[in-house]
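Encoded as structure tokens, the structure appears first; notes follow it.
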Amino acid sequence: MRYHIWTIGCQMNKADSDKLAAGLERLGLEEAACPEEADLVVLNTCSVRQHAEERAISKLGVLRKLKSRRNFTIAVMGCMVGPRTDDLRRRFPYVDVFTRPQEFDPILEAIGIDGEDVGGEFWPRTFSIPSGPTAYVPVVHGCDKFCSYCIVPYRRGRQRSRPIAEVKEEVEHFVGQGVREVTLLGQTVEAYGHDLPAGPDLADLLRALHDIDGLYRLRFLTSHPRDMADRILRAVAELPKVCQYFSLPVQSGDDGVLERMRRGYTVAEYRQKLDILRGLMPEAAVSTDVIVGFCGETEAEFRHTYDLLAELRFDKVHVAAYSPRPGTIAWRRLPDDVPREVKRERLRAVEELQARIAGEINSTLLGRTVEVLVEEEKGGRLGASARPLGGRTRSGKLVHFGGTHPEPVEGAHPGDLVDVVVERASPWSLQGRLAGAATPRMAGGQPAPERPAGLAAL
Ligand code: SF4
């Protein structure tokens with residue numbers, strides 16, 4: 001039997017799909033390159049934005065046509081599926097099974113496998129097969145925050161943290177397979193452990209994972225200002241393998257909008273958190289998320305957001321125009337009254353501002369040496385041993401090197417840490433050349449090399 005998984009959405013969805021794939025392969029299924037060749041097609045969906053849901057619906061249209069020509073099993077998993085599926089069943093009668101995020105058993109049942117022995121919410125004994133030197137590891141599932149615009153708590157449920165021992169086992173598995181950088185995932189990752197009996201926190205988890213031999217870098221996503229405790233920040237500042245990179249959504253720069261969004265903090269409180277963070281780690285990279293055109297957002301309220309972004313100068317801003325999600329508090333109680341064209345203009349304004357700021361921040365790296373974890377090795381012949389390579393800095397910046405450069409990038413392979421001198425910078429990426437010879441490929445089990453102090457956060 002052959003399976004095909006189509007995934008859209010966040011890193012959490014990607015991690016869920018990888019885990020499902022590993023589980024299916026453990027059961028003897030083989031991966032098919034396309035739905036046409038599969039006996040089981042799984043759509044792992046996202047409904048955080050309307051656009052993501054529309055893409056899944058259009059994919060379902062393609063599968064319906066395919067199913068009219070031959071029989072196969074269609075499963076829809078992920079955030080499009082809520083606790084009640086009557087409406088989905090009515091709209092998509094040709095879908096065999098609807099299942100919520102991380103609930104894999106119904107898929108197994110649909111293809112005639114008894115999930116009793118192999119299922120379970122997290123399939124704790126099933127680890128994904130890494131496809132490169134980086135991997136995502138979900139550590140907190142669900143969310144307890146209930147921001148008024150967000151569908152996640154209704155679809156992924158209340159917060160559940162995985163025990164430290166279980167996470168550690170998964171990270172060790174990945175490192176044994178050649179993974180060198182692990183990103184710990186949670187919708188509010190710094191709330192990790194609040195629901196566990198002994199009450200460990202993210203700082204405890206980072207310390208427990210830090211000394212795994214062969215692991216070079218640890219990251220975590222996504223932060224929430226209310227959960228960002230000083231204890232966690234101090235752990236990040238102290239532990240050399242933990243990258244000083246924070247994804248800290250602000251969502252709006254206006255207190256009235258933040259209150260309507262039910263974010264649980266004011267602009268002043270957000271700014272205070274960021275001050276503490278930057279005080280402890282002046283070179284830390286910080287990205288943020290912003291929603292423009294939220295219910296009732298006036299021009300003056302939007303201007304507060306724009307001014308805050310100009311003042312705080314983030315490395316990256318993920319900006320989205322508000323779209324109401326059925327079932328959320330905002331959908332039930334607040335009119336979606338900002339015209340589409342106004343939303344578009346505000347989106348464009350933020351994108352233009354951020355392109356300028358990111359370009360300025362990145363250009364400060366020109367001529368400097370940054371540490372890059374080599375991630376890709378694309379095809380193409382540039383000479384006997386030269387290949388275009390790329391990777392990311394500790395701050396998450398994309399760096400290309402080799403490629404068009406005349407010198408061969410001899411000895412650099414995915415999974416190596418290399419030093420790259422930055423020669424070109426754009427708002428979205430950097431380009432450079434290797435500083436001297438690449439470090440030799442490092443065997444698993446060796447500790448990450450000491451980095452010079454000046455490179456710590458780059
Ligand atoms: S913190 Fe808010 S936006 Fe983030 S997942 Fe939870 S409810 Fe959604």
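Atoms within a ligand are numbered from 1 in the order they appear, just like the ligands themselves.
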**Study point:** In the protein, N/O/S atoms that are found under 2.8 Å from atom 8 (Fe) of ligand 1, waters not counted
**Key:**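 The answer is Cys150 SG.
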Salt bridge check, [Y] against [X]: does any charged N sit closer than 4.0 Å to a carboxylate O?
| X | Y | result |
| --- | --- | --- |
| Arg356 | Glu360 | yes |
| Glu301 | Arg260 | yes |
| Asp275 | Arg271 | no |
| Glu341 | Arg344 | yes |

Check your understanding: Does even one non-hydrogen atom of Arg263 get within less than 4.0 Å of ligand 1?
Key ->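 Checking ligand 1 against Arg263, which is what was asked, there is a heavy-atom contact under 4.0 Å.
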Point to revise | Region of Thr188 that comes within reach of ligand 1 [heavy atoms, distance under 4.0 Å] | key: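 Looking at Thr188 and ligand 1, just side chain atoms fall under 4.0 Å.
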Exercise for review: Count the heavy atoms of every other residue, nucleotide or ligand shown that sit under 6.0 Å from CZ of Arg313, and state whether that count exceeds 12.
Suggested key: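 Atom CZ in Arg313 is packed in, count exceeds 12.
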Exercise for review: Tell me, please, whether Tyr265 has Arg263 positioned over its six-membered ring: NZ or CZ under 6.0 Å from the ring centre and within 45 degrees of its axis?
Suggested key: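 Cation-pi check for Arg263 and Tyr265: fails.
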Residues 325-340 side chain polar contacts: donor-acceptor under 3.5 Å, at least two apart:
{"residue": "Arg325", "atom": "NH1", "partner": "Ser47", "partner atom": "O", "Å": "3.1"}
{"residue": "Arg325", "atom": "NH1", "partner": "Glu53", "partner atom": "OE1", "Å": "3.1"}
{"residue": "Thr328", "atom": "OG1", "partner": "Arg325", "partner atom": "O", "Å": "2.7"}
{"residue": "Thr328", "atom": "OG1", "partner": "Trp331", "partner atom": "N", "Å": "3.3"}
{"residue": "Arg332", "atom": "NH1", "partner": "Gly327", "partner atom": "O", "Å": "3.0"}
{"residue": "Asp336", "atom": "OD1", "partner": "Lys343", "partner atom": "NZ", "Å": "2.8"}
{"residue": "Asp337", "atom": "OD1", "partner": "Gly296", "partner atom": "N", "Å": "2.7"}

